[in-house]
K.L.:
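Please find one structure pasted underneath; my questions will follow.
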Protein chains: 2
Amino acid sequence: MTEPRWLNADERRAWLALLSINTLLPAALDTQLQAAGKLSLFDYNVLAMLSEADGRFLPMSELAARTSASLSRLSHVVTKLQRRGWVEREAHPGDARVTVAHLTDAGMDTIESLAPGHVDAVRSLMLDAMTDDDVADLARIGEKIVARLDDDHWILRER
Amino acid sequence: MTEPRWLNADERRAWLALLSINTLLPAALDTQLQAAGKLSLFDYNVLAMLSEADGRFLPMSELAARTSASLSRLSHVVTKLQRRGWVEREAHPGDARVTVAHLTDAGMDTIESLAPGHVDAVRSLMLDAMTDDDVADLARIGEKIVARLDDDHWILRER
DNA sequence: TGATTTTAGTTGAAGCTTCAAGTAAGTGAA
DNA sequence: TTCACTTACTTGAAGCTTCAACTAAAATCA
């Protein structure tokens, strides 16, 4: 027997909900961050990933992996963040192909000042709608989907 | 007692998974649709929403709601789809402010030819990773989040 | 060793999205 | 009826993302 061609009721509901969340949630978070500091959700995530890394630096490839972005997209954005004084590019001592992105003190100050408002927004837009069980279910199911999309994805590493 | 400032382990897992899905899933579906018919996931959804509507037409505002898009974004995209012969703009008989988007026969042919491949992609990228219970949980939780983001959202209407 | 392939990253152009401003028609209040 | 306000939509410009092409260094291999 082959797979059914169309989606059943739950499949359709799950898919449409994910599609809607996908456009509405980033838009709402972008609006909050734009108002708070004239940056996008993606900009924020670049800074956040660097701020959590050892020594506040990461090779471009690793930073791209942690933000699920293409190297090209990241390169353009790092150039922009560099102009704003939040990130610097440095050479990698052992491998001359590698560029290391480094969060400056000014960048650290920025993300520390933005983080509380951003976390509040994530809570009020999404987490507050859910019970603790819902959150655990979403984490479990979400990681399954991520694994399907990219079985080496960094968020699965510590699992 | 005030809310905790930071996310706990499950909250962080759920949030990071959603963020990753958010960039990886549309990118993968875009790639499939780009290869199959040189259109984006958003283009596809515009055509799909029109194809499911009575008479294959909808006012721009309603189409914007069903694709979770701004009117501006939709207006630009409809112009593009119009140039490709898939959509037409028509006047609304009762209200001269309203523009009605109408799916042409060529547009209907296009979406009918693309739908099977697109549904297969949605299955293989996401649904195949999940059990039936997971799908039902995701539908339930996803709709809760959508309701939080926009309590009048059209996917909640028939609920 | 030297040639080939792979990895890491950058760049410019094209296309897409957002933003701000603008038009035109309908609604509501005095 | 008139004036102000709201709704529906469009437009052009600015900024962002993707794509293809490119450079340079490291790894592989004959």
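Just so it is clear: chains get the letters A, B, ... in the order the sequence lines come, proteins before strands, and each one is counted from 1.
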K.L.:
Let me know the distance between CG of L81(A) and P of dT10(C), rounded to the nearest Å.
P.N.:
13 Å

K.L.:
Whole Å only: how far is the NZ atom of K80(A) from the P atom of dG12(C)?
P.N.:
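Whole-Å distance recorded here is 18 Å.
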
K.L.:
Counting any heavy atom closer than 4.0 Å, what does S75(A) reach on the DNA or RNA strands: base, sugar-phosphate only, or nothing?
P.N.:
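Base contact.
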
K.L.:
dC16(D) base to S40(A) side chain: any donor-acceptor pair below 3.5 Å?
P.N.:
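By the distance-only test, no, there is no pair.
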
K.L.:
Could you pick out which residue, S70(B) or T79(A), lies toward the 5' side of DNA chain C when each is mapped onto its nearest nucleotide?
P.N.:
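By nearest-heavy-atom nucleotide position, the 5'-most residue is T79(A).
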
K.L.:
Can you tell me the distance, in whole Å, between the CG atom of L33(B) and the C1' atom of dC19(D)?
P.N.:
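About 17 Å, once rounded to whole Å.
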
K.L.:
Send over the distance from R73(B) CZ to dT17(D) P, rounded to a whole Å.
P.N.:
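Distance, rounded to whole Å: 13 Å.
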
K.L.:
I want to confirm an ordering. Mapping A96(A) and D43(A) to their closest nucleotides on DNA chain D, which one lands closer to the 5' end?
P.N.:
D43(A)

K.L.:
Using only heavy-atom distances, determine whether the side chains of T79(B) and R89(B) contain a donor-acceptor pair under 3.5 Å.
P.N.:
yes

K.L.:
On a plain distance test, is the side chain of H76(B) in donor-acceptor contact with the base of dG12(D) below 3.5 Å?
P.N.:
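Present.
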
K.L.:
Indicate whether any N or O donor in one side chain lies under 3.5 Å from an N or O acceptor in the other, for W86(B) and T110(B).
P.N.:
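On atom types as modelled, these side chains qualify, holding a pair under 3.5 Å.
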
K.L.:
Whole Å only: how far is the CG atom of L41(B) from the P atom of dC16(C)?
P.N.:
14 Å

K.L.:
Should the side chain of S72(B) and the base of dT17(C) be counted as holding a donor-acceptor pair, with the cut-off at 3.5 Å?
P.N.:
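No such pair is found, so the answer is no.
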
K.L.:
Rounded to whole angstroms, how far apart are CE on M60(B) and C1' on dT10(D)?
P.N.:
9 Å

K.L.:
Can you tell whether the side chains of D43(A) and K80(A) come within less than 4.0 Å, N to carboxylate O?
P.N.:
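Yes, D43(A) and K80(A) are salt-bridged.
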
K.L.:
Write down the distance between CZ (R83(A)) and C1' (dG15(D)), rounded to a whole number of angstrom.
P.N.:
11 Å

K.L.:
Any side-chain N or O of R97(B) less than 4.0 Å from the OP1 or OP2 oxygen of dT10(D)?
P.N.:
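No, because none of the side-chain N or O atoms of R97(B) sits under 4.0 Å from OP1 or OP2 of dT10(D).
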
K.L.:
Salt-bridged, E52(A) to R66(A), with N to O below 4.0 Å?
P.N.:
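No, E52(A) and R66(A) are not salt-bridged.
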
K.L.:
Salt-bridge test for D152(A) and R157(A): reply yes if a basic N is under 4.0 Å from a carboxylate O, no otherwise.
P.N.:
no

K.L.:
Over how many whole Å does the gap from Q34(B) atom CD to dA20(D) atom C1' extend?
P.N.:
14 Å

K.L.:
Have a look at D95(A) and say if it touches a base, only the backbone sugar-phosphate, or nothing, with a 4.0 Å heavy-atom cut-off.
P.N.:
sugar-phosphate

